[in-house]
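Notes for the one structure printed next.
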Amino acid sequence: MCRHTHHRNALFCIIPPYMLDQIVSKGSPEQRTKALHTLAMDNTFRALRLAAPPLAQAEVPQPLVSPHKRRTVFTADGSQELPGSIVRVEGQGPTGDPAIDEAYDGLGATYDFFWEVLERNSIDGAGMPLDATVHFGHGYNNAFWNSMQMVFGDGDGEIFNRFTIALDIIGHELAHGVTEDEAQLQYFNQSGALNESMSDVFGTLIKQFALRQNVEQADWLIGEGLLMPGINGRALRSMSDPGSAFDDDLLGKDPQPKHMRDFVVTYEDNGGVHINSSIPNHAFFHTANQLGGFAWEKAGRIWYEALRDSRLKPNSGFRRFAGLTEDIAQRLFGHNSAERKAVTAGWSAVGIKI
């Protein structure tokens, strides 16, 4: 159950504003127009969320007796109306529309991960139906979670592909709902970067679990396939090698740091939430890589239990979260365990001493 039901977070988008700003600065007239349009819509949605009344305590759903998937995919059909028209519901077969079917499959893969690995019944732990809208707007270069559903743009077809193409993007955005339900990490500075990092961690774990990949087989990329072939980049972010995901004349160079000594101090992007998230991302990668095997079995469990720990406060930063992960690794596996030592080493590798 949600610990802070009256707090309302910002809109959670997969494309950070600094990437859109680069397109506005360097893109063609058509690219600039679509980037500006995306930024304007994102800002409007944020304003609407902040102005809306918070959910009442009575609206928190009660646990269901038997967990099961309840997916509904809508299409906005190029409009900006939400949720749009229903195009696929639970149990129906593929439609042949890649965006619809990828969204449906991605919702299912995310549900399966949380239930089968963490015994969590949907995003809120209480069987929340999973809804998604595809084909939102014209050339909308983003995907977001608005506390009620997923929304996917089709991209501009020049820089960004359709936003349903990457399972880890779907998992990332839905995982914001898990963090929103459990920890309410404020979307500013280190707590905001930690919020983003938790979504990247779950996003890559959902992809790895769906593909049954171990730590060596996984690509540790967020958003592989999203960047169009003409863009010099592999993905939006790299957890194994932050700063290497893209280096393009239009988008610039991936600005993510690997270590606390390179922490980016900025007032943009809510204090760099999409930039500095790479530091806890990289700590998780190091921890999982040192433990080997399937990342969701040990490292993923430790991170999830830390997210749920009552000692994690809305304004917690990296060091507090790191301390919680070590404490939980010790509780689950023992003080002298390889798991606890891997957690300590993982955080040390990014300059955070526990």
Side-chain angles (χ1 to χ4, degrees), residues 14-16 18-19 109 113 117 165-173 175 193-227 231-248 251-264 272-304 306-307 318 321-322 325-326 329 338-339 341-352:
I14 193 67
I15 299 296
Y18 62 77
M19 292 186 78
F113 168 81
V117 175
I165 199 168
L167 174 57
D168 43 50
I169 287 180
I170 298 174
H172 170 106
E173 291 300 322
L194 186 58
N195 191 319
E196 277 296 319
S197 176
M198 290 304 305
S199 277
D200 278 353
V201 165
F202 286 130
T204 193
L205 289 180
I206 289 163
K207 177 179 176 179
Q208 291 176 32
F209 180 70
L211 297 175
R212 297 302 191 268
Q213 291 178 331
N214 62 34
V215 296
E216 294 180 350
Q217 294 168 326
D219 61 21
W220 296 98
L221 297 172
I222 302 298
E224 190 212 3
L226 182 63
L227 298 178
I231 300 298
N232 185 30
R234 298 178 296 158
L236 298 179
R237 292 182 287 281
S238 170
M239 298 179 70
S240 62
D241 188 18
S244 70
F246 57 88
D247 188 357
D248 183 76
L251 295 180
K253 189 178 186 310
D254 180 358
Q256 288 203 306
K258 295 181 184 179
H259 196 277
M260 281 300 291
R261 63 173 168 262
D262 299 315
F263 184 91
V264 177
V273 299
H274 288 94
I275 297 176
N276 294 312
S277 59
S278 55
I279 294 173
N281 275 1
H282 205 40
F284 180 82
F285 165 78
H286 278 294
T287 300
N289 199 55
Q290 185 163 330
L291 289 172
F294 295 119
W296 62 82
E297 291 183 337
K298 294 179 178 179
R301 168 64 69 173
I302 292 166
W303 254 245
Y304 176 66
L307 178 68
F318 298 166
F321 185 79
T325 59
E326 185 194 43
E339 291 79 7
K341 293 175 181 177
V343 168
T344 304
W347 288 105
S348 179
V350 299
I352 296 176

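As a basis for the values below, the full set of heavy atoms in this structure was taken, side chains included, without hydrogen atoms, waters or symmetry mates.
- Of the possible polar contacts, none joining the S238 side chain to the A235 backbone as a donor-acceptor pair under 3.5 Å is found.
- In this structure, the separation between CD on E196 and NE2 on H172 is 4.0 Å, given to the nearest 0.5 Å.
- A donor-acceptor contact closer than 3.5 angstrom is absent between the side chains of D168 and T204.
- Heavy-atom minimum distance, H286 versus A349: CD2-CB, 3.6 Å.
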Kindly determine whether L221 and M239 satisfy side-chain contact (heavy atoms from CB on, under 4.5 Å), including the steps that lead there.
CA-CA 6 Å; L221 297 172; M239 298 179 70; over 6 Å; no

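- Distance check, rounded to the nearest 0.5 Å: CD of E173 to CZ of F202 gives 14.0 Å.
- Scanning both residues, A283 and V350, for their nearest heavy atoms gives N-CG1, 3.7 Å.
- With a 4.5 Å cut-off on side-chain heavy atoms, F318 and S197 do not count as touching.
- Contact of the V117 side chain with the L205 side chain is not registered, since no non-hydrogen atoms from C-beta on lie closer than 4.5 Å.
- A 4.5 Å side-chain heavy-atom check between L226 and I169 finds at least one atom pair inside the cut-off.
- Counting only distance, with no hydrogens or angles, the side chain of R301 and the backbone of K298 share no donor-acceptor pair below 3.5 Å.
- In terms of heavy atoms, A345 sits closest to Q290 at CB-OE1, 3.5 Å.
- Under the side-chain contact (heavy atoms from CB on, under 4.5 Å) test applied with H282, the options Q256, H259, K258 reduce to a single match, K258.
- Of the possible donor and acceptor atoms, none in the side chain of D241 sits under 3.5 Å from a partner among the backbone N and O of S244.
- With values rounded to the nearest 0.5 angstrom, D254 atom CG is found 4.5 Å from F246 atom CZ.
- Residues W303 and F321 meet the side-chain proximity criterion, which asks for heavy atoms closer than 4.5 Å.
- The minimum heavy-atom distance between L167 and A109, with the atom names listed, is CD1-CB, 3.9 Å.
- Taking the side chain as every heavy atom from C-beta outward, F284 and N289 never approach each other to under 4.5 Å.
- Each of R234, K207, Q213 was evaluated against D219; a single residue qualifies, K207, per the side-chain hydrogen bond (donor to acceptor under 3.5 Å, both in side chains) test.
- At a threshold of 4.5 Å between non-hydrogen side-chain atoms, the residues V201 and F285 do not count as touching.
- Under the 4.5 Å side-chain criterion, counting only non-hydrogen atoms from C-beta, N276 is in contact with P257.
- In this structure, R261 is not positioned above the aromatic face of F263 in the sense of NZ or CZ being under 6.0 Å from the six-membered ring centre and within 45° of the axis.
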Evaluate side-chain contact (heavy atoms from CB on, under 4.5 Å) for L227 paired with N232, printing each intermediate quantity in order.
CA-CA 8 Å; L227 298 178; N232 185 30; over 6 Å; no

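- Residues W220 and Q208 meet the side-chain proximity criterion, which asks for heavy atoms closer than 4.5 Å.
- In terms of heavy atoms, P280 sits closest to L194 at CB-CD1, 4.3 Å.
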side-chain contact (heavy atoms from CB on, under 4.5 Å), that's the test. Do I352 and I279 meet it? Break it down for me.
CA-CA 9 Å; I352 296 176; I279 294 173; 4.3 Å; yes

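- Atom CD of E216 sits in a sparse spot, with 12 or fewer heavy atoms from other residues, nucleotides or ligands closer than 6.0 Å.
- None of V343, T325, T344, V215 except one satisfies the side-chain contact (heavy atoms from CB on, under 4.5 Å) rule with T287; the exception is V343.
- A donor atom on one side chain and an acceptor atom on the other are found under 3.5 Å apart for D200 and N281.
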